[in-house]
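Notes follow the structure.
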Amino acid sequence: MSVTTLVMIRHGETDWNVQARIQGHLDVPLNTLGQSQARALGARLRSMQLDAVYSSDLSRALQTAWPGFDDAETRIVREPRLRERHLGVLQGLTGEEAPVSQPDAWRAFKSREAAMPLEGGESLGDFSARILGFLREAVQRHAGRRILCVTHGGALDVAYRHATGMPLQAPRDFPIYNASVNILVHDGGRLRVEHWGDVSHLPAELTLDDT
């Protein structure tokens, strides 16, 4: 039985993370601390045996992946399916602004109902299907290998829930840290969590909460 390992990483910090501003598909770069997180993460990635390297094509993910590879330009495969959920009319708003200016979309977002449409964006169900579709394809293409996926908090949320059987509607009770290493293993036809929320490669001053 072949065992396939997915090393999934959330991008480093952005100014919009600090502001609690909704990013979605908007292309927000890393801030200074996020760049430092990426460099610390890069040192760890260089010690890993990785057979395939994928990153969301948004700059905050690519900038997180880049320091891990001397041949980053050719090694990193840009994968739009690893993008964050498209949050439509909520994108660019803070968690305080959204309920006031876009109350219907905010209710849809907070409901976590898989089929509920979100104006201008993806339903939670469509987003989940996009992420899991890519992961299934990657596991099949690289069976028995070690795959790196640099992505976003929403994608990690979907992967964790799928691997643990946690419903999409359930409140999140697990951390998703910037620049964290999260390892899932596919064997016996299913995905399971091996390690989660590992930030041991980050100095204390670069480790923040999971917003």
Side-chain angles (χ1 to χ4, degrees), residues 1-12 25 37-38 40-86 114 122-168 170 172 174-201:
M1 179 191 307
S2 64
V3 176
T4 308
T5 301
L6 287 166
V7 180
M8 299 191 70
I9 291 171
R10 184 187 178 194
H11 64 79
H25 278 207
Q37 290 173 331
L41 172 67
R44 180 167 180 178
L45 293 180
R46 288 171 182 270
S47 71
M48 290 185 180
Q49 172 61 45
L50 297 165
D51 300 296
V53 179
Y54 294 93
S55 172
S56 159
D57 61 345
L58 295 176
S59 61
R60 58 190 182 272
L62 284 169
Q63 288 174 338
T64 302
W66 207 267
F69 307 94
D70 291 329
D71 54 350
E73 182 65 46
T74 55
R75 184 81 186 280
I76 300 170
V77 178
R78 294 163 173 79
E79 177 49 75
R81 287 177 292 175
L82 284 174
R83 284 187 178 193
E84 183 60 276
R85 180 181 173 188
H86 196 310
E122 293 175 285
S123 71
L124 182 58
D126 286 345
F127 171 59
S128 177
R130 165 162 66 84
I131 297 300
L132 295 179
F134 170 76
L135 295 181
R136 280 191 288 268
E137 182 181 305
V139 164
Q140 292 172 357
R141 182 184 301 131
H142 305 289
R145 303 291 187 175
R146 194 172 183 87
I147 308 162
L148 178 69
C149 299
V150 183
T151 183
H152 305 264
L156 285 164
D157 180 273
V158 166
Y160 183 96
R161 290 170 186 272
H162 179 72
T164 61
M166 184 179 186
L168 287 175
R172 176 159 66 89
F174 53 93
I176 303 178
Y177 300 115
N178 285 116
S180 59
V181 174
N182 308 276
I183 298 179
L184 299 94
V185 171
H186 186 272
D187 61 1
R190 64 178 296 275
L191 197 64
R192 60 179 172 82
V193 175
E194 185 171 273
H195 298 293
W196 193 263
D198 183 358
V199 290
S200 61
H201 50 283

Backbone N/O of Val185 and side chain of Thr5: donor-acceptor pair under 3.5 Å:
no

Over all atoms of both residues, closest heavy-atom pair of Pro175 and Trp196:
O-NE1, 2.7 Å

Rounded to the nearest 0.5 Å, how far does CZ of Arg192 lie from CG of Asp187?
4.5 Å

Heavy atoms, side chains only, cut-off 4.5 Å: are Arg130 and Asp126 in contact?
no

Begin from the C-alpha positions of Ile9 and Leu45 and carry the test side-chain contact (heavy atoms from CB on, under 4.5 Å) through to its verdict.
CA-CA 11 Å; Ile9 291 171; Leu45 293 180; 3.8 Å; yes

With rounding to the nearest 0.5 angstrom, report the OG to CD distance, Ser55 to Gln63.
10.0 Å

Measuring only between side-chain heavy atoms, which start at C-beta, is Leu191 closer than 4.5 Å to His162?
yes

Please give me the minimum heavy-atom distance between Val193 and Ala163, naming the atom from each residue.
CG2-CB, 3.9 Å

Without swapping roles, check the side chain of Ser128 against the backbone of Val158 for a donor-acceptor pair under 3.5 Å.
no

Which heavy atom of Arg81 sits nearest to which heavy atom of Ile131, and what is that distance?
O-CD1, 3.2 Å

Please report the closest heavy-atom contact between Ile176 and Gly153, naming both atoms and the distance.
CD1-O, 3.4 Å

Ser56 and Thr151: which non-hydrogen atoms are nearest, and at how many Å?
CB-CA, 4.5 Å

With a 6.0 Å cut-off on the ring centroids, do Phe127 and His152 count as close?
no

Dump the intermediate steps for side-chain contact (heavy atoms from CB on, under 4.5 Å) on Leu50 and Phe69, then the final yes or no.
CA-CA 11 Å; Leu50 297 165; Phe69 307 94; 3.9 Å; yes

Answer whether the closest heavy-atom distance between the side chains of His186 and Ile147 falls below 4.5 Å.
no

Please examine the side chains of His25 and Glu122, heavy atoms only from C-beta on, and report whether any two atoms are closer than 4.5 Å.
yes

About how many Å separate CG of Asn178 and OG1 of Thr64, when rounded to the nearest 0.5 Å?
8.0 Å

Does some side-chain heavy atom of Leu168 sit less than 4.5 Å from a side-chain heavy atom of Arg161?
yes

Could you measure the distance from the OG atom of Ser200 to the CZ atom of Arg44? Nearest 0.5 Å is fine.
4.5 Å

Side chains of Leu156 and Arg10: does their closest heavy-atom pair fall under 4.5 Å?
yes

Salt bridge present between Asp157 and Arg85 (N-O < 4.0 angstrom)
no

Residue pair Val199 / Ser180: nearest heavy atoms and the distance that separates them:
CG1-CB, 3.8 Å

Contact between Ile76 and Leu148 at the side-chain level, heavy atoms closer than 4.5 Å - yes or no?
no

Are side-chain heavy atoms of Glu84 and His11 found at a separation under 4.5 Å?
no

Evaluate Leu58 against Leu82 for side-chain contact (heavy atoms from CB on, under 4.5 Å), listing each step before the verdict.
CA-CA 9 Å; Leu58 295 176; Leu82 284 174; over 6 Å; no

Exam field: side chain Asp57 to backbone Arg78, donor-acceptor pair closer than 3.5 Å:
no

Any Lys/Arg nitrogen of Asp70 or Arg46 sitting under 4.0 Å from an Asp/Glu carboxylate oxygen of the other?
yes

side-chain contact (heavy atoms from CB on, under 4.5 Å) between His195 and Val7: does it pass, once the steps are laid out?
CA-CA 9 Å; His195 298 293; Val7 180; over 6 Å; no

